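Working notes for the structure below.
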Amino acid sequence: MQLAAGSLGLAILAGCQNSDSSSASTPPVPTAIAVGDEWKITGAASLQPGQAMAFEWPDKTPGLIFIAGDAKLRAVSAKCSHAGCTVAWREKGEFHCPCHGSRFDTSGKVLLGPATESLPTYTARKHGNDVLLKANA
Ligand code: FES
């Protein structure tokens, strides 16, 4: 299932909260699986430019894999560095926090506070139907 998000027609795949909780077609949010020094997100390779896909770390921390305007496949922790709310993919190149309005760019850097720390970012690469993530230093 695909849900439209934002004014630019971007989409967020699997893992969006659907207001219709009775929907049986909403796929579950994939959980990152450790593979050596990388993390596998099953089925994420179908992501298209302009789309983001939610996933969870094993401790339930939210993450987002996305392809922004530069066509690079990347990922960020979606846990806001201010007070821990889940940030959303709103426009090409930005993540917005619904709690207090912080905004972050695709490299996780703060564009607007109150957050002062960047979102952790991950290098992402396709591996068959899956995506493998590696933490950036
Ligand atoms: Fe995100 Fe406060 S939790 S801005």
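Since this is a predicted model, take the numbers as computed values, not measurements. Note that ligands are numbered from 1 as they come in the structure, with each ligand's atoms numbered from 1 the same way.
- Close contacts of ligand 1 with Cys80, meaning ligand atoms under 4.0 Å from a residue heavy atom, involve 1 (Fe), 3 (S), 4 (S).
- Taking a cutoff of 4.0 Å between a charged side-chain nitrogen and a carboxylate oxygen, Glu56 and Lys60 qualify as a salt bridge.
- For atom 1 (Fe) of ligand 1, the set of nearby N, O or S atoms under 2.8 Å includes none belonging to Cys85.
- Taking the N/O/S atoms of His100 in turn, the shortest distance to atom 2 (Fe) of ligand 1 belongs to ND1.
- Taking the N/O/S atoms of His82 in turn, the shortest distance to atom 2 (Fe) of ligand 1 belongs to ND1.
- Remark: the backbone N or O of Ser46 is paired with a side-chain donor or acceptor of Gln48 at under 3.5 angstrom.
- Salt-bridge annotation for Lys134 and Glu38: absent, with no side-chain N of the basic residue lying under 4.0 Å from a carboxylate O of the acidic one.
- Within the 2.8 Å limit, Cys99 places no N, O or S atom next to atom 1 (Fe) of ligand 1.
- Between Leu47 and Leu73, the shortest heavy-atom distance links the atoms CD2-CD1, 4.0 Å.
- For Asp59, the side-chain hydrogen bond (donor to acceptor under 3.5 Å, both in side chains) partners are Thr61, not counting sequence neighbours.
- Atom 4 (S) of ligand 1 has as its closest protein heavy atom Ser102 OG, 3.2 Å.
- Counting only heavy atoms of the protein, atom 3 (S) of ligand 1 lies nearest to Ala83 N, 3.3 Å.
- Between Cys85 and Cys99, the two SG sulfurs come within 2.5 Å of each other, short of that mark.
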